> 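Handing you a structure now.
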Amino acid sequence: MPHPKIQAISRKYMQSNYHPASIESEAQQYWHNTGAFTASETSDKPKYYCLSMFPYPSGKLHMGHVRNYTIGDVLSRYHRMKGYNVMQPMGWDAFGLPAENAALANNVPPAAWTYENINYMRRQLQSLGLGIDWSREVTTCTPEYYRWEQWLFTRLFEKGIIYKKTATVNWDPVDHTVLANEQVIDGRGWRSGELVEKRDIPMYFFRITQYADELLQDLNKLDGWPEQVKTMQANWIGKSFGVRFAFEIPDEVGTSLPSPAGGRGIEGEGKHPQNNLLWVYTTRADTIMGVTFVAVAAEHPLATYAAQNNPELSVFIDECKHGGTAEADMSTMEKKGMDTGLKVTHPLTGEQVPVWIGNYVLMGYGDGAVMAVPAHDERDFHFAQKYDLAIKQVISPRPQAGEGAGVRDVFSTNEWQEWYATKDGICVNSGKYDGMNYDQAIDAIAADLAAKDLGEKKVQFRLRDWGISRQRYWGCPIPIIHCKTCGDVPVPDEQLPVVLPEDVVPDGAGSPLAKMPGFYETTCPKCGGAARRETDTMDTFVESSWYYARYTSPDCATGLVDERANHWLPVDQYIGGIEHAILHLLYARFFQKLMRDVGVFGEATAEQNLDEPFKNLITQGMVIAPTFYRIADNGKKLWINPAEVDVSTDDKGRPTGATLRADGLPVTIGGTEKMSKSKNNGVDPQAIIDEYGADTARLFMMFAAPPEQSLEWSDAGVEGAFRFLKRLWKATHDHVEQGVMAAYTSGELNAAEKALRLQLHQTIQKVDDDIGRRRTFNTAIAANMELLNALGKFNANSDTARAVMQEALEAIALMLTPIVPHICQTLWSSLRPGSDLLDQSFPQADQAAMVQDEIELVIQVNGKLRGSIRVAKTADKATLEQLALAHEAVQKQLAGASAKKIIVVPGRLINIVA
RNA sequence: GCCCGGGUGGUGAAAUUGGUAGACACAACGGACUUAAAAUCCGUCGGCUUGAAAAGGCUGUACCGGUUCGAUUCCGGUCCUGGGCACCA
């Protein structure tokens with residue numbers, strides 16, 4: 001009796017036509033029944049943890065998901081065939097804003113909406129035929145998951161990694177709610193349409209800046225990450241070397257300030273009362289002698305002080321509070337300012353410098369105040385021009401040859417734009433610093449400031465601490481209890497998890513939890529007195545910062561993870577959209593270090609390297625599609641889905657117009673953009689799977705572009721992918737119908753057979769390299785197409801030829817298994833009855849088949865192609881030069897003259913320089 | 001505005017370390033098969049140009065310039081376009 005596994009899928013005869021629906025459900029059923037993709041920790045094979053970014057359960061899969069998970073599945077199945085013990089999990093990033101929006105629109109609890117979406121999308125994922133270990137499924141909105149997030153929170157709170165401070169949020173004055181940046185449109189609330197205000201509220205923060213240096217340094221360990229992502233992260237962290245220094249505030253002002261102006265001052269005992277100092281940070285201390293004013297944020301204590309008796313200033317400060325908090329808005333808005341009338345003392349010159357309020361200065365960054373040097377900073381320059389402030393040149397270009405030293409007056413010409421912001425100049429008009437270059441000036445100035453106890457060199461990061469409090473319902477509750485006597489008390493382990501009630505329908509006005517006494521009324525774990533539970537939830541980025549670790553121990557009830565984490569971590573391959581290059585990936589790297597330092601992984605071995613979570617990273621491009629629209633009566637664009645449109649083309653295939661199928665009337669063709677709800681240009685993957693099958697969807701996605709590029713959707717391209725699978729099916733069917741045989745291993749071959757085996761084994765080598773090293777699945781598929789085209793021209797008219805044919809068809813079935821696993825499962829069991837594809841290795845190229853005696857070399861004259869010659873592979877340089885010179889085309893080009901130089905590139909070309 | 005990418009035929013793309021530009025597909029066009037259509041198979045396919053044909057020539061990888069025997073690839077600049085910018089995920 002054959003093995004039951006094999007019996008289930010073996011067919012004596014192949015059907016003559018390709019019917020994806022039946023073979024795909026059969027293959028999926030088989031993988032499910034045999035537990036083919038359940039990962040175990042006891043295998044003696046090397047582990048390969050392949051992770052795709054988990055989806056937000058928005059309702060149904062979109063093409064970006066299909067692309068992401070197909071890439072992951074190709075790599076998983078390929079590594080399985082290469083002898084690895086593969087683990088590929090899947091889960092749900094289930095907390096988030098869209099569930100609350102759906103609740104507002106449909107009056108359904110976010111929990112019910114989310115779980116329904118998960119159930120639907122899980123079935124969709126399964127229909128794609130992904131080799132996922134579903135026993136490890138993780139859903140972040142379940143108490144079993146977020147319990148450990150709360151547990152980690154309390155540990156970090158006790159360590160001081162989490163702390164509380166105020167932060168600025170977008171406040172909708174009509175809906176009385178905090179808005180996400182996404183909900184602020186042109187400075188107004190998306191629902192109320194009212195001007196948004198900045199409001200300061202208390203929030204919990206992760207002290208990620210404490211890890212800034214390690215996060216920066218460890219980028220060097222990430223050899224398997226794209227350079228561009230590492231560069232983006234390094235710039236985001238933004239380590240800078242500068243000088244922090246202070247201007248002196250007049251005593252009568254300083255003593256009336258509510259708090260020290262600009263934060264903590266310099267550590268230790270100083271000569272100056274901190275309230276009398278206005279601190280700023282600069283990377284251009286070499287221009288300090290050119291400071292002509294100081295700009296402070298609207299919320300700065302000096303601004304508040306100055307506004308007390310100045311109504312005009314109060315109005316301006318209020319105005320500064322309008323608008324969103326997004327950095328892009330801040331840096332593109334019109335720079336405005338107003339004089340406070342106050343003056344502070346320059347620490348080196350003793351000059352009185354005016355203090356202005358600038359709407360572009362943010363209280364939350366650095367000290368909430370900046371020095372301004374209009375002569376050497378573009379923003380300051382425009383600001384000074386606008387408000388007629390002094391501009392003082394203190395850097396001059398290096399003297400050119402033949403020019404004397406000294407000030408070159410470039411401000412009377414347009415030349416200043418060329419150089420004024422560079423660091424490559426000489427100090428002028430700077431008293432004792434005249435003649436110094438950038439480094440010398442910084443050293444001297446920092447030393448002088450330090451001597452006066454008014455400044456010092458300081459390393460600063462652009463990276464800011466991560467605020468995680470959200471005034472929302474559908475998120476993980478922050479495990480803190482506020483007690484009037486004990487303060488902020490973390491929820492003790494035995495009271496975890498703090499469960500989020502799931503039957504709530506938010507109404508869009510503030511946090512529902514804050515209106516539920518049953519949730520927030522509690523007692524203090526320390527003193528037992530009445531206390532109030534925190535009603536804010538955590539940023540959903542927190543859940544996605546550690547889920548990769550939970551997959552290793554999804555059912556662990558005694559800790560965040562157990563010893564299985566040490567088996568699987570780090571993730572060998574991570575795959576996800578380029579849009580996550582900074583935030584998500586930085587937070588996950590941060591969490592890996594936090595978990596390590598809290599001791600979550602116990603004793604990890606050194607070679608495991610648990611400092612970084614993701615060894616290799618692929619950032620996939622977006623899926624884009626054409627857009628179509630009509631202008632409605634109110635002037636708004638009405639977007640029409642591509643599926644409802646017919647496009648006409650000219651005789652070259654260029655689109656000439658489009659009509660809506662429903663009414664036959666024209667629609668406007670828009671740009672090709674990322675598939676999105678707002679542009680209504682999404683194509684439903686389900687429709688493609690239903691019509692052509694999962695293999696066609698997978699093949700098209702992998703063929704149309706390499707993973708990192710954006711991918712343009714094309715219905716015709718999908719047809720093409722389907723046609724290829726039909727051709728492959730027919731070729732295999734035609735062969736199998738004549739009877740299967742043992743694949744060729746040895747024996748005499750004729751020229752055609754030799755040529756086919758040469759191409760076959762070159763293809764194997766290329767496909768292996770394309771999938772395994774280059775991750776260019778498109779060229780791997782193209783090579784298989786070429787091979788199949790060659791098989792079509794190959795005459796299998798002898799037993800030897802049929803054995804070579806068998807060898808080639810088997811190899812194609814194996815090479816394409818990672819990409820189109822369902823059809824390959826059937827092809828394989830037809831080619832090798834009784835054998836299971838799941839047990840097969842990736843084919844290996846036969847070096848003997850690739851030996852060539854003769855090769856073709858290109859002949860160039862002055863770098864231009866003029867012909868080619870076939871030569872013995874062993875031909876030496878002198879022979880090659882002679883052959884090339886004798887070539888007819890070369891003789892013609894030289895026209896009797898002799899060659900000046902001959903360049904021979906072995907195995908490639910001969911270039912004759914005339 | 002700042003940081004990081006991208007730009008190659010009618011279209012998606014390929015060219016892996018500076019060495020034959022356009023592999024493989026899609027579309028289009030021509031042909032075979034068919035009563036016909038679909039499907040399938042075969043052929044042509046960057047632009048300009050010489051030639052009856054066979055076969056050639058020039059030009060061409062967003063734009064301008066540079067390095068090199070040779071540049072889609074390296075360098076400098078410009079334009080256009082995509083991603084991110086800390087509360088979308």
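Computed from a prediction, not measured in an experiment: that's the story for all the values here. Each chain gets a letter, A, B and so on, in the order its sequence line appears, and its residues count up from 1. The figures here come from the full heavy-atom set of this structure, side chains too, leaving out hydrogens, waters and symmetry mates.
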> What residues, two or more places apart in sequence or in another chain, satisfy side chain to side chain donor-acceptor pair (under 3.5 Å) together with T779(A)?
D770(A), T776(A)
> Here's a test of your reading of the structure: between K793(A) and K730(A), which maps to the more 5' nucleotide of RNA chain B?
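Between the two, 5'-proximity favours K730(A).
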> In the strands shown, is rG5(B) matched to any nucleotide by a Watson-Crick or G-U wobble pair with both distances under 3.5 Å, and which?
rU81(B)
> Can you name the residues that form a salt bridge (Lys or Arg N to Asp or Glu O under 4.0 Å) with E227(A), not counting sequence neighbours?
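Result, salt bridge (Lys or Arg N to Asp or Glu O under 4.0 Å) vs E227(A): K230(A).
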> What's the closest nucleotide to the side chain of M785(A) if the choices are rU16(B), rU20(B), rC24(B)?
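Out of rU16(B), rU20(B), rC24(B), the nucleotide with an atom closest to M785(A)'s side chain is rC24(B).
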> Kindly say if R908(A) contacts the phosphate of rU16(B), meaning a side-chain N or O under 4.0 Å from OP1 or OP2.
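Checking R908(A) against rU16(B): no side-chain N or O falls below 4.0 Å of OP1 or OP2.
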> Between rG12(B) atom P and E712(A) atom CD, what is the distance in whole Å?
6 Å
> Is the shortest side-chain N/O distance from N235(A) to OP1 or OP2 of rC4(B) below 4.0 Å?
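It does, given that an N or O in the side chain of N235(A) lies less than 4.0 Å from OP1 or OP2 of rC4(B).
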> Roughly, in whole Å, what's the span from CG in L711(A) to C1' in rA25(B)?
13 Å
> With a 4.0 Å limit, can you tell me whether R727(A) has a side-chain N or O closer than that to the phosphate oxygens OP1/OP2 of rC24(B)?
no
> Output the rounded distance in Å from CE (M333(A)) to P (rC2(B)).
15 Å
> Rounded to whole Å, how long is the line connecting atom CE of M701(A) with atom P of rA13(B)?
13 Å
> Starting at CE of M702(A) and ending at P of rG12(B), how long is that distance when rounded to a whole Å?
18 Å
> Give a yes/no on whether any side-chain N or O of R774(A) is located under 4.0 angstrom from OP1 or OP2 of rA15(B).
yes
> For the pair made of CZ in F724(A) and P in rC24(B), what is the distance, rounded to whole Å?
13 Å
> Counting the atoms with a prime plus P, OP1 and OP2 as sugar-phosphate, which does K864(A) contact under 4.0 Å by heavy atoms, base, sugar-phosphate, or nothing?
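Result for K864(A) = sugar-phosphate.
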> For each nucleotide in nucleotides 82-89 of chain B, reading 5' to 3', give B when a protein heavy atom comes within less than 4.0 Å of its base, S when such contact involves only the sugar-phosphate, and - otherwise.
SBSBBBSB
> How close or far is atom C1' of rU68(B) from atom CD of Q860(A), stated in whole angstroms?
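Spelled out: CD on Q860(A) to C1' on rU68(B) is 13 Å.
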> Considering only the P atoms, how many Å lie between rC24(B) and rG18(B), rounded to the nearest integer?
25 Å
> Please work out whether the ring planes of F722(A) and Y692(A) are parallel, tilted or perpendicular, with thresholds of 30° and 60°.
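Perpendicular.
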> With heavy atoms under 4.0 Å as the rule, sort T332(A) into base, sugar-phosphate or nothing.
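The answer is base, as T332(A) lies within the cut-off (heavy atoms under 4.0 Å) of a base atom.
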> With a 3.5 Å limit on both atom pairs, tell me what rC48(B) is paired to, counting Watson-Crick and G-U wobble, or say none.
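Pairing partner, where one exists within any strand: rG57(B).
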> Can N181(A) and T325(A) be counted as having a side-chain donor-acceptor contact under 3.5 angstrom?
yes
> In terms of side-chain heavy atoms of K726(A), which of rA39(B), rA14(B), rG70(B) is nearest?
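So the nucleotide nearest the side chain must be rA39(B).
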> Considering just the side-chain nitrogens and oxygens of R723(A), establish if one lies under 4.0 Å of OP1 or OP2 belonging to rA39(B).
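Answer is no, no contact under 4.0 Å.
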> Which label fits Y69(A) and H65(A): parallel for a plane angle under 30°, tilted from 30 to 60°, or perpendicular past 60°?
parallel
> Using atom P in both nucleotides, what's the gap between rG47(B) and rU61(B) to the nearest angstrom?
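Their P atoms lie roughly 15 Å apart.
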> Is rG43(B) paired to anything, Watson-Crick or G-U wobble with both distances less than 3.5 Å, and if yes, which nucleotide?
rC29(B)
> Does K730(A) make a cation-pi contact with Y18(A) (under 6.0 Å, within 45 degrees of the axis)?
no
> Kindly point out which of rG12(B), rC26(B), rA23(B) is positioned nearest to the side chain of A716(A)?
rC26(B)
> For V858(A), answer base if it contacts any base atom (sugar-phosphate contacts may also be present), sugar-phosphate if it contacts only those atoms, and nothing otherwise; contact means non-hydrogen atoms under 4.0 Å.
base
> Are N778(A) and rG12(B) close enough that a side-chain N or O sits under 4.0 Å from OP1 or OP2?
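False: N778(A) side-chain N/O out of range (4.0 Å or more) of rG12(B) OP1/OP2.
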> Is it true that, when you exclude R462(A) itself, more than 12 heavy atoms of the residues, nucleotides or ligands shown sit nearer than 6.0 Å to its CZ?
yes
> To the closest 0.5 Å, what do you measure between CH2 (W713(A)) and CZ (R67(A))?
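Reported to 0.5 Å precision, the distance equals 11.5 Å.
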> Taking OP1 and OP2 of rU68(B), is either one under 4.0 Å from a side-chain nitrogen or oxygen of N911(A)?
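No, because none of the side-chain N or O atoms of N911(A) sits under 4.0 Å from OP1 or OP2 of rU68(B).
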> Quick check for you: among rA25(B), rC69(B), rU16(B), whose closest atom lies nearest to any side-chain atom of V913(A)?
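Nearest to the side chain of V913(A) among the choices is rC69(B).
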> One pair to check against ring pair (Phe, Tyr, Trp, His ring centres under 6.0 Å): F777(A) and F703(A). What are the steps and the verdict?
CA-CA 7 Å; F777(A) 310 126; F703(A) 180 60; over 10 Å; no
> Without decimals, in angstroms, what is the distance between L880(A) CG and rG19(B) P?
19 Å
